[in-house]
Amino acid sequence: MHVVLPDGKRLDLPEGATGAQVAQAIGPGLARAALGVRVDGLVRDLLTEVPDGATVQVLTARDDEVVVDLMRHTLAHVLAQAVKEHLVAEGAEPSDVRMGIGPTIEHGFYYDFDLPRSLTPEDLSAIEDRMRAIIAADLPLRRFTLPRDEALDRYREQGDPYKTELIQDLPEGEIISFYQQGEGDGERVGFTDLCRGPHVPRTGVLPSHFRLTTLAGAYWRGDEKRPMLQRVYGVAFTTAEALEEHLWRTEEAKRRDHRKLGAELDIFVLDEDIGPGLPLWLPRGAIIVEELERLAKEVEERGGYQRVRSPHLSKEQLFLKSGHLPYYEHDMFPAMVLDDVKYYVKPMNCPFHHKIYAARPRSYRDLPLRLAEYGTCYRYEDHGALMGLLRVRSMQMNDAHIYCTHDQFEDEFLKVIELYLAYFELFGIESYVMRFSKHAPEGLGQKYVDEGELWRSTEDMVRRALVKGKVSFYEADDEAAFYGPKIDVQIKSAIGREFTLATNQVDFVQPGRFDLVYVDEHGERQTPLCIHRAPLSTHERMVGFLIEHYGGDFPLWLAPEQARVVPIADRHVGYANDVAGALRDAGLRADVDAGNERMNAKVRAAELYKVPYIVIVGDKEETARTVSFRSRKEDDRKGVDLAAFARHLAEQAETRAAAVAPIA
RNA sequence: GCUCGUGUAGCUCAGUGGUAGAGCACUCCCUUGGUAAGGGAGAGGUCGACGGUUCAAUCCCGUCCACGAGCUCCA
């Protein structure tokens with residue numbers, strides 16, 4: 001057999017040659033440095049046979065970004081071996097230490113275990129020490145294969161339900177590969193794992209720049225009905241600098257965490273007496289929410305939306321009609337019973353808007369009808385899912401429902417997408433992913449209304465609209481709403497957790513259930529389509545996200561306190577009040593710090609509060625009717641005309657400017 | 001909801017089987033200072049809640065609640 005090298009040279013090899021033999025044939029130096037191979041573009045390890053005629057490139061430590069994944073994968077096995085050693089050393093039976101899966105993830109790896117006892121954070125450092133010892137021992141990895149039946153017997157004999165199940169899910173006749181590192185030798189246990197690979201050739205090449213980070217529970221195969229395993233997470237890098245940088249970034253992210261900044265900047269609080277997931281907006285937070293609403297109202301007014309208002313409660317029958325009961329009941333607060341009638345707090349505004357649509361006959365001339373309301377909804381989210389403002393139980397939706405004909409759908413749907421893209425541009429949101437969330441046929445009648453044909457045709461319609469609008473997106477099965485497919489905009493929080501921000505959903509179900517109709521140009525009664533949209537998400541989640549996005553350093557229009565005037569001495573308080581008054585007259589939020597403190601302390605306090613403009617006034621300013629300021633937005637200035645300064649800030653705020661031009 | 005962890009003053013955190021401390025913040029007094037902490041005094045806590053063990057519990061045990069990490073779920 002032969003392989004082709006990247007430079008086009010042909011290399012003849014004995015039958016069944018592995019990646020290691022390719023490296024050896026090229027040269028002994030390369031053989032020592034080799035960590036893996038790239039076979040026809042795919043990363044493989046040195047232990048696996050290469051196919052005849054393949055193009056093979058030998059990978060070394062220089063191929064950092066590729067081999068780091070091989071290393072992480074092998075580190076997961078080393079972790080598993082270390083955990084096994086750790087527990088066997090304290091007397092556990094080796095067969096009681098069961099392994100789930102141990103894949104590579106972004107920045108590192110994890111491994112899931114079913115163990116005779118719970119691991120504690122103290123165990124982690126002991127396990128880490130054992131991992132380092134395994135690396136120091138430079139154990140060679142050995143790859144071998146077994147036919148599916150033999151592999152199955154092997155794990156059945158060991159009474160291992162997890163690996164048995166994994167193999168059972170592989171197709172009949174499949175050859176199963178295993179990786180083994182080390183032989184049984186005193187306290188060192190040999191470790192063999194069912195694994196597809198690829199791995200580095202020996203543990204000695206693994207970097208010491210790794211750290212076990214967290215201990216957590218994880219359901220076997222991600223299924224909440226199945227046993228919960230113990231998951232150990234680790235991060236690993238090829239250099240100490242990369243590890244340090246990662247740990248530093250993690251710390252930095254914590255400083256941006258909206259829960260921390262939200263408390264420091266007095267934006268919101270959560271109170272035990274009120275309940276989990278029910279945030280209180282402090283005055284400063286309320287300002288941010290109201291600025292967002294002001295923006296949305298302006299934009300929607302231009303977009304032909306009409307504002308409506310609806311109650312927080314309704315009788316059961318409304319939600320039976322809408323289909324929220326039973327499809328959505330799990331997420332609703334339980335009913336309250338009054339005079340033998342059940343009332344529910346609303347989890348969504350749509351049924352109310354449908355009733356507003358139905359409040360009078362509609363003609364095709366009324367469509368598209370766009371009804372907007374930032375209604376407060378309540379959803380009974382799982383305790384464990386709650387997170388600051390990003391996942392709450394009381395939320396104000398940036399909601400609207402667009403009723404339109406099938407012909408109008410594409411246009412309206414794309415207009416909504418354009419709307420939230422315009423918002424993202426305003427906020428400077430660049431890293432997001434559009435997810436086209438579709439149903440899963442097996443969920444029909446359970447998670448999704450049982451209308452298979454309608455689901456398919458609606459999804460096709462959405463896909464056509466997206467393609468026509470040249471929007472880049474990916475498709476995700478089993479992520480739709482119960483009433484139809486949707487577009488979700490996925491973003492990441494400061495600490496890296498992914499969640500949905502904006503959403504745009506199609507509803508082909510509820511208009512029919514509510515007998516919503518319009519009379520078309522032929523006098524026929526037709527059922528409209530409904531688009532649910534929340535381009536600013538919920539105001540809770542949006543503010544939570546924006547706090548992190550800006551690191552608390554809001555653009556002027558969103559800043560709760562836009563300017564703080566600091567008088568240098570008590571005799572300047574009068575003029576400081578004049579300055580604040582002039583700014584307020586210009587429509588700005590400005591305060592005077594008249595407290596009994598030195599100016600330095602006041603400047604510091606304002607800086608910590610991230611006030612965009614700190615205005616300093618003393619004798620010079622008072623005499624000349626000017627201000628001096630330091631700003632988070634532009635260069636510091638002294639002796640600026642007060643009226644010009646007020647105009648400068650007012651213009652920034654009115655235009656919702658991100659960048660600031662200097663004062664003319 | 002599940003697994004693990006945490007819970008002491010408004011915040012950040014010490015601490016002990018004999019009912020508690022620091023720094024910052026807060027209040028008052030002195031200081032009137034030109035761009036990130038001037039000085040002093042004072043006030044502030046049922047040590048998350050409820051049970052149990054004990055002569056005695058903030059500390060040990062149990063249950064619950066809240067929060068955190070992750071899983072599941074989701075705007």
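Residue numbering restarts at 1 for every chain, and letters A, B, ... go by the order of the sequence lines.
Pair assignment for B:G34 gives none, since no Watson-Crick or G-U wobble pairing has each distance under 3.5 Å. In this entry B:C13 has B:G21 as its Watson-Crick or G-U wobble partner, both defining distances falling under 3.5 Å.
Comparing A:Thr214 and A:His572 along RNA chain B, the residue whose closest nucleotide (by nearest heavy atom) sits nearer the 5' end is A:His572.
Residue A:Leu501 is in sugar-phosphate contact alone, with no base atom involved, counting any heavy-atom pair closer than 4.0 Å across all strands shown. Nucleic acid contact class of A:Thr538 (heavy atoms, under 4.0 Å, all strands): base. Note on A:Asp570: a base of the nucleic acid sits closer than 4.0 angstrom, heavy atoms only. Residue-level contact check: A:Arg379 touches the bases, meaning some heavy atom is under 4.0 Å from a base atom. Within 4.0 Å (heavy atoms only), A:Asp223 reaches no atom of the nucleic acid at all. Among the atoms of the strands shown, only primed sugar atoms or phosphate atoms (P, OP1, OP2) are found under 4.0 Å from some heavy atom of A:Arg231. A:Asp619 comes within 4.0 angstrom of a nucleotide base, judged by non-hydrogen atoms across all strands. No engagement by A:Val566 is indicated, since no non-hydrogen atom pair under 4.0 Å with the nucleic acid exists. Heavy atoms of A:Met397 sit nowhere under 4.0 angstrom from any nucleic acid atom. Using a 4.0 Å heavy-atom cutoff across all strands shown, A:Gln230 reaches no nucleic acid atom at all. At the heavy-atom level, A:Thr120 lies nowhere under 4.0 Å from the strands shown. Nucleic acid contact class of A:Phe499 (heavy atoms, under 4.0 Å, all strands): none.
In terms of modelled atom types and a separation under 3.5 Å, the side chain of A:Asp382 and the main chain of A:Ala385 share no donor-acceptor contact.
As rounded to the nearest Å, B:U32 and B:G38 have P atoms that lie 14 Å from one another.
Between A:Arg625 and A:Asp578 there is a salt bridge, with a side-chain nitrogen of the basic residue lying less than 4.0 Å from a carboxylate oxygen of the acidic one.
Taking only side-chain nitrogens and oxygens, A:Lys486 comes nearer than 4.0 Å to OP1 or OP2 of B:A75. Within the structure, a side-chain polar atom (N or O) of A:Ser118 is placed less than 4.0 Å from OP1 or OP2 of B:C4. Dashed line: the shortest gap from a side-chain N or O of A:Arg630 to OP1 or OP2 of B:A36 is under 4.0 Å.
In this structure, A:Glu475 places its CD atom where more than 12 heavy-atom neighbours from other residues, nucleotides or ligands lie under 6.0 Å away.
The cationic atom of A:Lys225 (NZ for Lys, CZ for Arg) does not lie both less than 6.0 Å from the six-membered ring centre of A:Tyr219 and within 45° of the ring axis.
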